[in-house]
Amino acid sequence: MENINHYIGAKIRNYRKMKKMTIQQLADVIHKSRATVSKYETGEITLDVSTLWEIASALDVDFSQLTDYQPVQDLGHTVAETPVYEGESPFFRADHLYFYYYDGRYDRLKEAIIHIHKSRSSADGTYETSMSIHATTPTGRSSETQYTGTVLYSDMLIRFSFSNRHNKLEQDLLYIFNPMELRNYTEGLLCGISNADLMPCAFKCIVTLAPCTDHQMLRQQLQISAKELRRWKKLNMLIVDNNS
């Protein structure tokens, strides 16, 4: 129950901020005290259905957008269980992250380590970052591609902007979710230029706090499902949400 409370509270806080409402303004709309709404957002109070409905209406979001909690999934990380974090997101605190995507052109999983250089920041709040993508061909030959760039944090999203060190034409954007529930992985979308054929491309990806050991499970998680294809066709755009 505690995880659900934290999840819903974080959702309320993020949607409130997106709507540019203060805690007091939301409290006034739903006829609660500022202290009570603050405790809703921190997960200290369990919300009843009618109050949740009022909050969803006040924030102009669907009720389901606040209640789409799903149990934490274990992706085979080397850590024994998903840790409980308090305060600032662990994805904000991390100075390195592990990045995975499935390249269907070559039928192989690609992995990378992203290094965030916290000592090198700029006036606009970005930090310098670097990434090394590793891949192994079916013949056993390994390769590595180096990227440099910046990272920018927000309440809901983290944006990495990368440039291939050896091919400046290849500029890549990696957007990942800042998880609002307690888990050690998150999903996102890598968009850029394919270094193989110089064509625009996008990949569904997973970023983790610890290395993943179960690559078969990762491969399944990263492949595009029929359900996702139906959704993309309906929306006429490729989108990855944070409900996995």
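Source: prediction; values computed, not measured. One is the number of the first residue; the rest follow in order along the sequence. Side chains included, hydrogens not; waters and symmetry mates left out as well; all remaining heavy atoms used.
- The heavy-atom pair separating Thr42 from Glu44 by the smallest distance is OG1-OE2, 2.8 Å.
- For the 3.5 Å distance criterion, the side chains of Tyr102 and Asp107 qualify, holding a donor opposite an acceptor.
- Closest approach of Gly43 to Asn5, counting heavy atoms only: O-CB, 3.4 Å.
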Next on the checklist: Before you tell me yes or no, could you show the steps for Ile158 and Phe92 under side chain to side chain contact (heavy atoms under 4.5 Å, CB included), namely the whole-Å CA-CA distance, both residues' side-chain angles and the distance that decides it to 0.1 Å?
Outcome noted: CA-CA 9 Å; Ile158 303 172; Phe92 283 19; 3.8 Å; yes
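- Taken to the nearest 0.5 Å, the CD1 atom of Ile133 stands 8.5 Å off from the CD1 atom of Ile114.
- Residues satisfying the salt bridge (Lys or Arg N to Asp or Glu O under 4.0 Å) criterion with Glu41, sequence neighbours excluded, are Arg16.
- Note: Gln25 CD to Ile30 CD1 = 13.0 Å, rounded to the nearest 0.5 Å.
- To the nearest 0.5 Å, the span separating NZ on Lys110 from OG1 on Thr145 amounts to 6.5 Å.
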Item to check | Derivation of the side chain to side chain contact (heavy atoms under 4.5 Å, CB included) call for Thr150 and Ser161 | outcome: CA-CA 5 Å; Thr150 59; Ser161 178; 3.9 Å; yes
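- Between Ala58 and Val29, the closest heavy-atom pair is CB-CG1, 3.6 Å.
- No single ILVMFWY cluster, assembled from side-chain heavy atoms under 4.5 Å apart, contains both Leu152 and Val207.
- Contact of the Leu66 side chain with the Ile12 side chain is registered, since non-hydrogen atoms from C-beta on lie closer than 4.5 Å.
- The structure places OG1 of Thr148 at 8.5 Å from CG of Asn164, a figure rounded to the nearest 0.5 Å.
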Item to check | Stepwise side chain to side chain contact (heavy atoms under 4.5 Å, CB included) test for Gln221 and Glu187 | outcome: CA-CA 10 Å; Gln221 185 82 3; Glu187 294 184 341; 3.1 Å; yes
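- Remark: the backbone N or O of His115 is paired with a side-chain donor or acceptor of Thr129 at under 3.5 angstrom.
- Taking 4.5 Å as the limit, every side-chain heavy atom of Tyr15 sits out of range of all side-chain heavy atoms of Ile55.
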Item to check | CA sep, side-chain torsions, deciding dist, call: Leu222, Phe203, side chain to side chain contact (heavy atoms under 4.5 Å, CB included) | outcome: CA-CA 9 Å; Leu222 287 167; Phe203 292 96; over 6 Å; no
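- Leu47 and Thr51 make their closest contact through CD2-CG2, 3.5 Å (heavy atoms, listed as atom of the first residue, atom of the second, distance).
- Taken from CG in Leu26 to CE in Met21, the straight-line distance is 4.5 Å, to the nearest 0.5 Å.
- Rounding to the nearest 0.5 angstrom, the gap separating the OG atom in Ser163 from the CD atom in Gln146 is 12.5 Å.
- When only modelled atom types and interatomic distance are considered, Gln24 and Thr22 share no side-chain donor-acceptor pair under 3.5 Å.
- Residues Leu157 and Phe177 share a closest heavy-atom pair of CD2-CD2, 3.9 Å.
- Taking 4.0 Å as the cut-off between side-chain N and carboxylate O, Lys204 and Glu228 count as a salt-bridged pair.
- The shortest distance between side-chain heavy atoms of Ile176 and Phe160 falls below 4.5 Å.
- In this structure, Lys227 and Arg230 have side chains that are in contact, with non-hydrogen atoms separated by less than 4.5 Å.
- By the 4.5 Å heavy-atom criterion applied to side chains, Phe91 and Leu97 are counted as neighbours.
- When side chains are defined from C-beta on, Leu218 does not count as touching Tyr185, because their heavy atoms never get closer than 4.5 Å.
- Ring orientation note: the planes of Tyr98 and His96 are nearly perpendicular, at an angle over 60° on the 30°/60° scale.
- Remark: Arg34 pairs with no residue by the salt bridge (Lys or Arg N to Asp or Glu O under 4.0 Å) rule, at least two apart or across chains.
- Between Lys118 and Asp95 there is no salt bridge, since no side-chain N of the basic residue sits under 4.0 Å from a carboxylate O of the acidic one.
- Taking the six-membered ring for Trp and thresholds of 30 and 60 degrees, Tyr147 and Phe162 have ring planes more than 60 degrees apart, a perpendicular arrangement.
- More than 12 heavy atoms of other residues, nucleotides or ligands sit less than 6.0 Å from atom CG of Asp48.
- Checked by atom type and distance alone, the side chain of Tyr100 pairs as donor or acceptor with a backbone atom of Cys212 at under 3.5 Å.
- Here the closest non-hydrogen pair linking Cys205 and Phe99 is CB-CE1, 3.5 Å.
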